[in-house]
Amino acid sequence: MSSILRIQQLTTVKKEAASLNKPTSAYIHIPFCRRRCYYCDFAISVVGDKLSGENSGTISQYVEWLCKEIEATPKLGESLKTVFFGGGTPSLVSVQQLNRILSVIEKQFGIASDAEISMEIDPRTFDLIQLQGYRNAGVNRISLGVQAFQDELLKISGRSHTVADIFAAVELIRQVAFPSFSIDLISGLPYQTLQQWQESLETVVGIAPTHVSVYDLIVEPVTAFARQYQPGVKPLPSDEMTVQMYKLAQQILTNAGYEHYEISNYAQSGHQCRHNRVYWENRPYYGFGMGAASYVEGKRFTRPRTRQEYYKWVASGCQIDDSELSANDILLETLMLGLRLAEGLDLSNLLQQFGEETLKEIWTCLQPYYQQGWVEILNEESELNKFPKSGMLKLTDPEGFLFSNTILAALFEQLETNNNKRRVR
C-alpha cells in the first residue's frame, strides 16, 4: 500500500470516528471532599466536615455553574444511556442538588428509561434518607470508596472514615437495595502486607457487592504520598509484592464468581459498569464540571481544574478549542483502552478501521509477547508467522495484564516510529 493511500485511509478513519459515534454518556464531576486523601491528585475542593453555612453555599454555587455548562452544551446524539457522578465525593451533594442536575440533563439531552446512573459515595457522608433520595432521583448504581479494611491503613491514606463506618455504609446501601453496588479497593499502600490485602479481599467477598474495582497505588507527583514515599521503596510494598497482590485479587475474586472483565475491575454477571466501558471502547462522551474530561466530535478536552477558572470558562461560553485527534492518535488510544478489556479487540474491526498494513505492524510488534504467553488470539485462523486478520486480540490474565505497560510501550514506540517514517516520505 502506498503512503498516500494509507494516509487517506487513516484520515477516513478519523472522520468516521468523529461523525458516526455520537455521545450517549455523560460524566459529571463533583469536586468536593471532606479532606484530600494522601494519594489523590484529582481536581477537588476541600470543604471539611461541616456542610452548613459557607461550604453549603459553595456547593450550591458550583451546582448552578455546572447546570449552566450543561445547558450551554448542544445535544449531538440520542438520549443518554449512562450518567456517572464522580469526584471528589458526590455524596456531599444534597438530594435536592442532585435532582436539579439530573433535571437539567434530562431537559438538555434526555435520559433513556434504562440508563445506568452511577454515583460515587464515601462512608460517613450520607444517611438512609439521603440514599433513598438518590435512589428516587434515578441513581441505580452506587460505588463505595472503601480502599482498605484496616483502620491503620485508612489513617495512613488520609481517609476520613473508619472500618466501622464502612460496615455502617454497607448496611444503609443494603436497606435501599440499589440494583448495582460496587466497592473500590487499593493495593500497594504504605505498610500494607499481603495478609492485610487478603483480609480486605475476603471481607469484600463476604459483603458480596455486585462489582469490585481493585486499583494498584500510583504515587502521583503532586500528592502527599509523593512527598513521603518513593515507588518500590519501603514502606511501600516491593514490585514483587504488588504482583502477588494483583494475582491474589484475581484468584480470590474469580473463585468467588466475579468475572475479571477489565484490568482493574470485576463484576457479577450483568453488572459490568456500562459507563466505564464507554471509555475502554474509545467511544465519545460528554464531560461536565471542574476538571472533567470529554471526548466529543473527535476532540478530547479537559476543563479548568480550579473553581474560579472553571466559572470564568463557563461565563465565557464554554469554548472548546482543542484540535481533533489525528488518525494515529485514534489508533493508539483504541489499542491502549481496548486491551484493558478481558475480551480485547476484534481484529476484523481493526483491519476494517486501520487497514492491513497497520494490522501487520501491530502483529509484528506483538509476536514476542504472543510467544511469551502474554498475548493471545481467540478463534485464531492464521499460523503464528502469518499475521491474523480475524479473532479477538487480547492480553492474558493475569500475566498479560500485569505486563500491559511493557507491551503497550513497545507497541506505541513501534507504531509512532513507523508513522514518523511515513510522514517524511
Side-chain angles (χ1 to χ4, degrees), residues 39 82 84 86 116-123 140-150 153 157 163 166-167 169-170 173-174 177-189 192 194-218 237 241-281 336-345 374 376 378 392 394-405 407:
Y39 51 78
T82 72
F84 195 104
E116 174 193 86
I117 302 179
S118 301
M119 188 174 194
E120 294 178 344
I121 62 175
D122 274 1
N140 51 29
R141 184 178 182 276
I142 286 292
S143 181
L144 183 67
V146 169
Q147 318 317 349
F149 280 91
Q150 294 79 28
L153 292 181
S157 301
V163 173
I166 295 172
F167 287 111
V170 168
I173 291 169
R174 283 177 171 154
F178 285 90
S180 288
F181 163 37
S182 181
I183 280 180
D184 289 356
L185 292 177
I186 297 180
S187 64
L189 292 168
Q192 189 176 38
L194 193 62
Q195 181 180 355
Q196 288 174 324
W197 181 235
Q198 181 172 341
E199 289 171 355
S200 289
L201 291 166
E202 291 174 346
T203 302
V204 166
V205 169
I207 293 172
T210 57
H211 187 282
V212 183
S213 295
V214 176
Y215 301 110
D216 184 38
L217 175 69
I218 298 175
M241 178 66 76
T242 58
V243 166
Q244 290 183 56
M245 288 178 170
Y246 187 88
K247 289 183 176 180
L248 186 62
Q250 190 262 4
Q251 177 186 348
I252 290 176
L253 293 173
T254 55
N255 286 346
Y258 290 91
E259 176 190 6
H260 191 188
Y261 75 99
E262 192 268 347
I263 284 181
S264 302
N265 287 276
Y266 300 78
Q268 294 178 359
S269 178
H271 291 279
Q272 293 186 15
C273 181
R274 289 164 51 194
H275 182 85
N276 284 344
R277 285 195 66 101
V278 170
Y279 304 146
W280 300 321
E281 293 171 11
M336 177 184 68
L337 296 167
L339 288 176
R340 292 187 63 90
L341 289 166
E343 71 262 30
L345 291 161
W374 296 356
E376 64 181 349
L378 301 184
M392 300 299 293
K394 64 187 292 290
L395 303 183
T396 57
D397 183 11
E399 296 298 331
F401 280 162
L402 278 167
F403 292 98
S404 61
N405 288 341
I407 297 167

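Using a distance-only test at 3.5 Å, with no hydrogens or angles considered, a donor-acceptor pair links the side chain of N140 to the main chain of I117. With Q251 contributing its side chain and K247 its backbone, the two residues share no donor-acceptor pair below 3.5 Å. A donor-acceptor pair under 3.5 Å is formed between the side chain of Q150 and the backbone N or O of Q196.
From T82, atom OG1 reaches atom OH of Y279 across 7.5 Å, with rounding to the nearest 0.5 Å. In this structure, the separation between CG on L341 and NZ on K394 is 11.0 Å, given to the nearest 0.5 Å. From I142, atom CD1 reaches atom CD1 of I173 across 6.5 Å, with rounding to the nearest 0.5 Å. F181 contributes atom CZ, which lies 8.0 Å from atom OG1 of T210 (distance to the nearest 0.5 angstrom). In this structure, R174 CZ and I207 CD1 are separated by 6.5 Å, a value rounded to the nearest 0.5 Å. How far CZ of F84 is from CZ of R141: 6.0 Å, rounded to the nearest 0.5 Å.
Environment of CD1 in I218: sparse, with no more than 12 heavy atoms of neighbouring residues, nucleotides or ligands closer than 6.0 Å.
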Could you go step by step and tell me if L253 and V214 meet the side-chain contact (heavy atoms from CB on, under 4.5 Å) rule?
CA-CA 10 Å; L253 293 173; V214 176; 3.9 Å; yes
Test log, rule side-chain contact (heavy atoms from CB on, under 4.5 Å), inputs I252 and Q198
CA-CA 8 Å; I252 290 176; Q198 181 172 341; 4.0 Å; yes
After noting the C-alpha distance and the side-chain angles of F149 and L185, does the key distance pass the side-chain contact (heavy atoms from CB on, under 4.5 Å) rule?
CA-CA 9 Å; F149 280 91; L185 292 177; 4.0 Å; yes
Test log, rule side-chain contact (heavy atoms from CB on, under 4.5 Å), inputs S213 and S182
CA-CA 7 Å; S213 295; S182 181; 4.1 Å; yes
List the steps, then state whether side-chain hydrogen bond (donor to acceptor under 3.5 Å, both in side chains) holds for S180 with H271.
CA-CA 7 Å; S180 288; H271 291 279; 2.8 Å; yes
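Put simply, the side chain of L201 does not reach to within 4.5 Å of the side chain of V205, judged on heavy atoms. Counting heavy atoms from C-beta on, the side chains of H211 and Y261 come closer than 4.5 Å. Residues D397 and Q250 have side chains in contact (heavy-atom distance under 4.5 Å, counting atoms from C-beta outward). Residues I186 and S157 fail the side-chain proximity criterion, which asks for heavy atoms closer than 4.5 Å. Residues Q272 and E259 are in side-chain contact: their nearest non-hydrogen atoms beyond the backbone lie under 4.5 Å apart. Here the side chains of E116 and C273 are in contact, with some heavy-atom distance below 4.5 Å. Within the 4.5 Å cutoff, side-chain heavy atoms of P237 are placed close to those of M245. The shortest side-chain heavy-atom distance between Y215 and N265 falls under the 4.5 Å cut-off.
Closest approach of D122 and G145 over heavy atoms only: OD1-CA, 3.7 Å. Closest non-hydrogen pair, G188 versus T242, comes out as CA-CG2, 4.2 Å. Residues P123 and L144 share a closest heavy-atom pair of CD-CD1, 3.7 Å. Taking each heavy atom of Y266 and A249 in turn, the nearest pair found is OH-C, 3.8 Å. What you find for V212 and Y258 is that their closest heavy atoms are CG2-CE2, 3.9 Å. Across S404 and L395, no two heavy atoms sit closer than the pair CB-CD1, 3.6 Å.
Salt bridge status for R340 with E281: absent, with no side-chain N to carboxylate O gap under 4.0 Å.
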